[in-house]
Amino acid sequence: MPTAYLLLGSNLGDRAAVLREAVHQLGATTGHIEAVSGLYETAAWGLEDQPAFLNQAVQLRTTLSPEELLQACQATEQQAGRERLIRWGARTLDVDILLYDALVLGTPCLQLPHPRLPERRFALVPLAEIAPVLLHPVLQQTISELLQRCTDTLPVKQISSSKD
């Protein structure tokens, strides 16, 4: 079974509860959850005049194709009340597929690995917690190496560990 890495984010409502429910829902609909990072509070990226996000990385084994996984992630977002009103705007839940095995894919609706992963500290920090030596299939650098080279200066603060 392929292994996928997701990033969950929320900056509306009870953010921690939204992420807990999303992990549960994704486990029930997409495959077996292998690892979940702690929670990280991060400043909004892209459109900065909005509440801070809680972010969390998830590793899962799935029988779904990348496109099916994307549909399941979007269904989980909708179930959490996600509305797509403004790009990078506030949202109850955002689920991004960061990596899907070593697959490199570029379609109009899905790019793998996630094209902005190397420039986003809020994604790299929780991902490095659960998969520090995972190799980026295009850049041929580990997640830890990408984090060390990341020029994003927005703060990322751990508020709970995966052991909590």
Side-chain angles (χ1 to χ4, degrees), residues 2-48 50-62 66 69-70 72-74 76-77 80 82 88-103 110-139 141-164:
T3 299
Y5 294 87
L6 310 177
L7 182 71
L8 284 57
S10 175
N11 74 338
L12 293 176
D14 185 341
R15 303 170 302 165
V18 168
L19 295 182
R20 272 193 308 276
E21 179 57 30
V23 169
H24 174 75
Q25 183 68 24
L26 289 164
T29 61
T30 65
H32 178 72
I33 303 290
E34 300 272 310
V36 179
S37 76
L39 296 176
Y40 293 83
E41 188 166 65
T42 65
W45 190 95
L47 185 60
E48 297 174 16
Q50 59 182 309
F53 277 83
L54 280 188
N55 288 302
Q56 185 171 47
V58 175
Q59 175 187 349
L60 64 92
R61 305 263 300 159
T62 185
L69 180 58
L70 177 62
C73 291
Q74 290 173 340
T76 300
E77 290 175 342
R82 167 81 187 257
W88 296 325
R91 49 207 172 267
T92 52
L93 180 63
D94 185 40
V95 181
D96 288 330
I97 304 172
L98 301 177
L99 297 149
Y100 184 100
D101 275 346
L103 181 65
L110 182 59
Q111 291 187 333
L112 294 171
H114 192 290
R116 289 176 293 285
L117 174 60
E119 62 196 52
R120 292 181 171 177
R121 183 171 301 281
F122 69 85
L124 290 169
V125 170
L127 185 57
E129 179 187 331
I130 62 171
V133 297
L134 179 66
L135 196 63
H136 189 286
V138 174
L139 301 175
Q141 296 174 31
T142 67
I143 299 304
S144 290
E145 290 169 336
L146 290 174
L147 179 56
Q148 289 174 348
R149 291 173 175 84
C150 183
T151 59
D152 178 8
T153 59
L154 290 176
V156 177
K157 179 179 137 189
Q158 186 170 18
I159 64 166
S160 74
S161 76
S162 57
K163 294 157 187 58
D164 291 346

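Counting begins at 1 with the first residue of the sequence.
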Considering non-hydrogen atoms only, spot the tightest contact between Tyr40 and Val125 and give its length.
-> CE2-CG1, 3.4 Å

So how far is it from Cys150 SG to Leu124 CG, rounded to the nearest 0.5 Å?
-> 5.5 Å

State the CG-CG distance between Leu8 and Asp94, to the nearest 0.5 angstrom.
-> 8.5 Å

Kindly determine whether Thr42 and Leu154 satisfy side-chain contact (heavy atoms from CB on, under 4.5 Å), including the steps that lead there.
-> CA-CA 7 Å; Thr42 65; Leu154 290 176; over 6 Å; no

What one should report as the nearest heavy-atom pair of Leu12 and Thr92 is CD1-N, 3.9 Å

Of the non-hydrogen atoms in Ala4 and Tyr100, which two are nearest, and what is the gap between them?
-> CB-CD1, 4.0 Å

May I have the step-by-step check of side-chain contact (heavy atoms from CB on, under 4.5 Å) for Val95 and Glu77, ending in yes or no?
-> CA-CA 7 Å; Val95 181; Glu77 290 175 342; 4.0 Å; yes

Do Leu103 and Pro137 touch side chain to side chain, with heavy atoms closer than 4.5 Å?
-> no

Restricting to pairs with a member in residues 20-39, which pass side chain to side chain donor-acceptor pair (under 3.5 Å), not counting sequence neighbours?
-> Gln25-Gln79

Which heavy atom in Ile33 sits nearest to a heavy atom in Leu26, and how many Å separate them?
-> CD1-C, 4.5 Å

Using side-chain contact (heavy atoms from CB on, under 4.5 Å) as the criterion, point out the one residue from Gln59, His114, His136 that pairs with Leu98.
-> His114

Minimal heavy-atom distance between Pro66 and Ile97, with the atoms involved, is O-CD1, 4.0 Å

Would Leu134 and Thr142 satisfy side-chain contact (heavy atoms from CB on, under 4.5 Å), going step by step from the backbone distance to the final call?
-> CA-CA 5 Å; Leu134 179 66; Thr142 67; over 6 Å; no

How many angstroms lie between CD1 in Ile143 and OH in Tyr5, if you round to the nearest 0.5 Å?
-> 8.5 Å

Nearest heavy atoms of Val36 and Gln56, plus distance in Å | CG1-NE2, 3.1 Å

Got a second to check how far Leu127's CG is from Leu146's CG, nearest 0.5 Å?
-> 9.0 Å

Return the set of residues passing salt bridge (charged side-chain N to carboxylate O under 4.0 Å, His left out) with Glu41 (not counting sequence neighbours), or none when no residue passes.
-> Arg15

Verdict with supporting geometry, Leu99 and Leu112, side-chain contact (heavy atoms from CB on, under 4.5 Å) = CA-CA 6 Å; Leu99 297 149; Leu112 294 171; over 6 Å; no

Pairwise distance CG(Leu54) to CG(Asn11) - rounded to 0.5 angstrom = 9.0 Å

Spacing of Leu117 atom CG and Leu7 atom CG [to the nearest 0.5 Å] = 8.5 Å

Is a side-chain N or O of Thr3 found less than 3.5 angstrom from the main chain of Arg61, in a donor-acceptor match?
-> no

